[in-house]
Amino acid sequence: MGTYLEDLNAPQLEAVTHGDGPLLVLAGAGSGKTRALTHRIAYLIKERGVPPWHILAITFTNKAAGEMRERVAALVPELSGDIWVATFHSTCARILRREASLAGRRPDFAIFDTADQRAVVRRILSVLRWEQKKFPPAAFLAAISTAKNEMLGAEEFAARSGGQRGDFWAQRTARVFRAYEEELERNNALDFDDLLVRTVNLFESHPDVLARYQDRFRYILVDEYQDTNHAQYRLVRALAAGHRNLCVVGDDDQSIYAFRGADPRNILEFERDYPEAVVVKLEQNYRSTTTVLEAANSLVRHNDRRKHKHLWTENGIGEPIGFYQAESQKDEAAFVCRTLAALMRETGELLRRAAVLYRTNAQSRPLEEVLNAAGIPYQLVGGVRFYERKEIKDVIAYLRLVANPADTISLERVINVPRRGVGPVTWERVLKASAEEGVPVAEMLCRAGALSGVAGKTRDELVRLGELLAELRQELKHLRPQDFVRAVCQRAGYTEALRAERTGEAEDRLENLDELHRLAAEYHRATGEAGLAGFLEQVALMGDIDEYDEGKDRLTLMTVHSAKGLEFDTVFLVGLDEGVFPHVRSLGEAGALEEERRLCYVAITRARRRLLLSCVGRRMTYDGQPELMAPSRFLRELPPGLLRVIARPADWLGGGGDPARPVTVAAGAGGGWGAGVGLKPAFTHRSAGAAQPGAVPKPGGPSKLDAAPKPIAAWALRVAGDGDTYSEGERVRHPKFGEGTIVRILGTGQDAELTVAFPGLGLKRLLAGYARLEKVSADGGDG
DNA sequence: GTTGATAATCTTTTT
DNA sequence: GATTATCAAC
């Protein structure tokens with residue numbers, strides 16, 4: 001009893017691990033809910049003797065799935081056999097492929113991502129001759145997705161919208177919806193929603209199939225239940241109907257995916273569907289300090305629509321929440337850098353225990369620039385993802401064509417990459433011929449010779465491409481995924497064209513292609529699968545390559561959405577400006593604003609020990625005009641007493657002064673902000689936090705701030721150091737760019753921005769305080 | 001018919 | 001700041 005719970009020391013968690021039957025766990029942030037799930041799995045296997053293959057654990061991201069698998073493996077080293085831990089989408093894809101093969105149908109469907117969906121709608125609009133400006137594809141896609149989440153097909157949607165006569169938009173949407181479904185069918189493709197919907201339809205219409213899966217998955221666990229949509233709810237309901245051993249874990253305060261169809265009804269319907277369900281509330285937080293938690297509680301109390309919950313913790317007060325009002329995004333980024341440097345110096349903080357969170361991906365750019373200039377290693381999660389780069393998408397498109405010659409969207413992408421002399425007109429001819437003859441587009445290419453109006457070099461190139469794809473398709477059973485990557489890169493002339501460019505950018509792309517090859521090889525090693533279906537599925541469903549390098553000490557940058565489920569010792573939450581966070585698009589509607597607030601709640605509760613907030617106050621619009629923004633209302637919703645305003649970045653952690661002395665300078669700065677917000681320098685914590693009992697919930701370790709100084713990374717010394725001064729015309733050496741000449745200096749001292757001309761590389765803008773510049777003097781100083 | 005260049009247009013969040 | 005619509009030149 002309780003064997004697995006020693007580290008949590010919470011009796012009510014036993015209800016989660018040992019519980020029978022339907023189990024609804026309402027768990028607050030940092031209450032160890034994911035750990036409770038893994039312990040439940042361990043308990044089932046070790047003490048109940050449940051064979052691992054009877055367990056299905058559904059997580060929200062692939063990353064979470066990987067982590068859960070690792071944790072279970074650590075708890076049950078003797079594990080024999082596989083536990084199915086996966087996201088909803090990959091679970092469904094696997095089920096659909098398996099059932100398609102069993103039923104003798106094609107299991108090789110493609111999975112269309114958002115970009116593919118948009119391309120499909122664009123094509124439909126152009127056929128219908130509707131202007132994209134008047135009929136934005138995104139609007140249709142959103143409506144279609146909503147309908148699918150509600151398990152409505154195109155025909156039902158049309159019937160429903162026909163009932164509301166005169167509804168212009170609904171009727172247009174119905175038309176696009178129908179054409180969209182036909183186009184996907186023609187392409188032998190499913191979108192993200194289809195994966196769920198088709199699986200639910202399969203289960204609900206084929207009881208025999210469902211019964212097989214019910215028998216296989218006797219214990220079902222679902223994490224982040226508050227983010228499930230209706231289709232996911234139906235899926236779980238169907239699967240769990242057999243053995244009713246369903247354990248769902250969720251927190252309504254962390255529901256941040258309403259835009260994607262997440263539906264709070266699911267938690268309510270859970271108690272309705274399973275009247276015998278045991279409900280467990282986990283309200284003790286094991287993650288954060290009291291300060292962090294109070295801030296989070298105070299914020300989320302401003303939401304009306306929530307179940308009452310009050311998180312508490314035995315952890316100590318901890319450090320105050322830092323707040324910095326920046327002048328620009330660059331200044332904000334510099335604040336992050338210098339604060340990190342100070343932290344490292346004072347506490348030996350590790351970079352990988354810190355994260356910078358922001359509302360939108362676009363906010364990462366200035367951060368990256370400054371971090372690069374400072375030489376601080378970081379890891380960007382999400383953003384311009386690996387699989388979204390052009391060269392990767394191109395090669396993937398070739399691969400998809402090999403696997404599925406009907407994939408017009410992919411062919412449209414690469415038919416003229418590299419240049420084959422194909423423009424819109426030729427493409428239309430290929431499409432038309434393909435449709436008329438009922439031949440998949442890729443196979444049509446082989447017959448390009450018969451196409452009227454296509455001749456000469458263009459014709460030859462098309463035939464060659466068609467034959468290449470056909471040849472590779474013959475090899476689907478024999479070649480490994482990485483072989484296809486290589487074959488496509490070389491034989492389609494793709495790498496050749498890149499090499500011919502001879503630019504730095506092309507070099508990067510070639511490197512990325514090598515990386516893709518490596519990933520394919522890794523996939524093959526892990527699964528032993530030949531062919532492409534599995535690899536392409538992984539590519540489509542995996543948001544991000546698992547560059548989960550725990551070994552490297554790097555700062556993490558990501559959106560708040562991506563951060564859900566993670567925790568960091570130190571969290572910077574940047575861009576707390578009205579219009580950014582909360583986002584402008586949410587300001588009109590109360591429900592949307594509450595979701596933004598929950599999002600902010602999620603961000604705050606990622607922090608274990610230290611939370612640093614900042615706002616910018618102005619933003620550059622696209623035409624270069626600065627636009628003033630008010631500080632986020634969320635700042636006003638935090639208890640002022642918990643905040644400590646940081647005037648200069650170095651003031652954090654003392655920076656040479658008395659650490660207990662409140663800093664007041666910035667409180668009144670900036671347009672009308674100080675008074676309105678009511679920030680008072682009321683901070684009375686000692687930031688050195690000496691010997692507060694339980695202040696640091698780190699088991700066995702020394703308290704953070706009074707720990708002996710650890711070796712300081714080179715960059716921290718650099719940032720903290722006084723450094724040199726520079727003058728225009730001076731020669732300097734950069735570790736990466738080599739020698740160059742300073743052509744312009746803006747600002748003074750460590751904050752100066754240097755423009756340096758590097759021969760062959762052009763002009764680079766560097767920050768004096770961060771760039772690892774050496775002066776190139778007479779003695780050649782290599783020191 | 002295709003290509004290159006210039007002009008215009010928005011910016012959430014993700015499987 | 002990056003992607004897309006439009007237009008003039010090969």
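Small disclaimer: the values here were computed from a predicted structure and weren't measured. Letters A, B, ... are given to chains in the order of the sequence lines, protein chains preceding strands, and every chain is numbered from 1.
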Asks: Could you pull out all residues at least two apart from A/H89 that satisfy side-chain hydrogen bond (donor to acceptor under 3.5 Å, both in side chains)?
Replies: none
Asks: Anything under 3.5 Å between a protein N or O and an N or O of nucleotides 3-5 of chain B, put it in a table, one pair a line.
Replies:
| residue | atom | partner | partner atom | Å |
| --- | --- | --- | --- | --- |
| B/dT3 | OP2 | A/N416 | ND2 | 3.2 |
| B/dG4 | OP2 | A/R419 | NH1 | 3.0 |

Asks: Where the side chain of A/R365 is defined as all heavy atoms beyond and including C-beta, which of B/dT12, C/dG1, B/dT2 is the nearest nucleotide?
Replies: C/dG1
Asks: When you check the side-chain N and O atoms of A/Y257 and A/N229, is any donor under 3.5 Å from an acceptor?
Replies: no
Asks: By nearest atom, which of the nucleotides B/dT15, B/dG1, B/dT13 is closest to the A/R429 side chain?
Replies: B/dG1
Asks: Output yes when A/E428 and A/K432 qualify as a salt bridge under the 4.0 Å nitrogen-oxygen rule, no when they do not.
Replies: no
Asks: Please indicate whether A/E529 has more than 12 foreign heavy atoms, meaning atoms of other residues, nucleotides or ligands, lying under 6.0 Å from its CD.
Replies: yes
Asks: Within the structure shown, what part of the strands sits under 4.0 Å from A/S562 by heavy-atom distance: base, sugar-phosphate, or nothing?
Replies: sugar-phosphate
Asks: Tell me the interatomic distance from A/N62, atom CG, to B/dT15, atom C1', rounded to whole angstroms.
Replies: 8 Å
Asks: Looking at A/E595 and A/R598, does any basic side-chain N land under 4.0 Å from a carboxylate oxygen?
Replies: yes
Asks: Determine whether the aromatic ring of A/F259 stacks with the base of B/dT12, defined as ring centroids separated by less than 5.5 Å and ring planes inclined by less than 30°.
Replies: no
Asks: Expressed as a whole number of angstroms, how long is the span from A/Y358:OH to B/dT12:C1'?
Replies: 13 Å
Asks: CD1 of A/I415 versus C1' of B/dG1: gap in Å, rounded?
Replies: 14 Å
Asks: Across nucleotides 3-10 of chain C, 5' to 3', mark each nucleotide with B, S or - according to how protein heavy atoms within less than 4.0 Å reach it.
Replies: --S-----
Asks: What nucleic acid atoms does A/T426 come within less than 4.0 Å of, heavy atoms only: base, sugar-phosphate, or nothing?
Replies: sugar-phosphate
Asks: To the nearest Å, how far apart are A/L587 CG and B/dT12 P?
Replies: 13 Å
Asks: Please tell me which of the listed nucleotides, B/dT15, B/dT12, B/dT13, lies nearest to the side chain of A/H583?
Replies: B/dT12
Asks: Please check if the distance between the ring centroids of A/H561 and A/F259 is under 6.0 Å.
Replies: yes
Asks: For DNA chain B, what residues of residues 86-97 of chain A have any heavy atom nearer than 4.0 Å?
Replies: A/T87, A/H89
Asks: May I have the distance from A/E131 (atom CD) to B/dA8 (atom P), rounded to whole angstrom?
Replies: 17 Å
Asks: Without decimals, in angstroms, what is the distance between A/Q117 CD and B/dT15 P?
Replies: 14 Å
Asks: Do you know which of A/D331, A/V356, A/L573, A/V574 makes side-chain contact (heavy atoms from CB on, under 4.5 Å) with A/S614?
Replies: A/V574
Asks: Would you please indicate yes or no on a ring centroid separation below 6.0 angstrom for A/Y213 and A/W84?
Replies: no
Asks: With respect to the phosphate group of B/dT12, does any side-chain polar atom (N or O) of A/R585 fall under 4.0 Å of OP1 or OP2?
Replies: yes
Asks: Please figure out whether A/R359 or A/T114 has its closest DNA chain B nucleotide nearer the 5' end.
Replies: A/R359
Asks: How about A/T87 and A/F60: do any of their side-chain heavy atoms sit closer than 4.5 Å?
Replies: no
Asks: Can you list the residues that meet the salt bridge (Lys or Arg N to Asp or Glu O under 4.0 Å) rule with A/D253, with sequence neighbours excluded?
Replies: A/R306, A/K309
Asks: Under the side chain to side chain contact (heavy atoms under 4.5 Å, CB included) test, which residues partner A/A65, sequence neighbours left out?
Replies: A/T59, A/R69, A/V85
Asks: Does a sphere of radius 6.0 Å around CD in A/E327 hold more than 12 heavy atoms from other residues, nucleotides or ligands, not counting ones at 6.0 Å or beyond?
Replies: no
Asks: Give the rounded distance in Å between these two atoms: CG of A/L196 and C1' of B/dT15.
Replies: 8 Å
Asks: Pick base, sugar-phosphate or nothing for A/N361, based on heavy-atom distances below 4.0 Å to the nucleic acid.
Replies: sugar-phosphate
Asks: Report yes if a side-chain nitrogen or oxygen of A/T559 is closer than 4.0 Å to either non-bridging phosphate oxygen (OP1 or OP2) of B/dT14; otherwise report no.
Replies: yes
Asks: Assess A/R97 against A/F109: is NZ or CZ under 6.0 Å from the centre of the six-membered ring, and within 45 degrees of the ring's axis?
Replies: yes
Asks: Please report, rounded to the nearest Å, how far the C1' atom of B/dT15 is from the CG atom of A/D223.
Replies: 15 Å
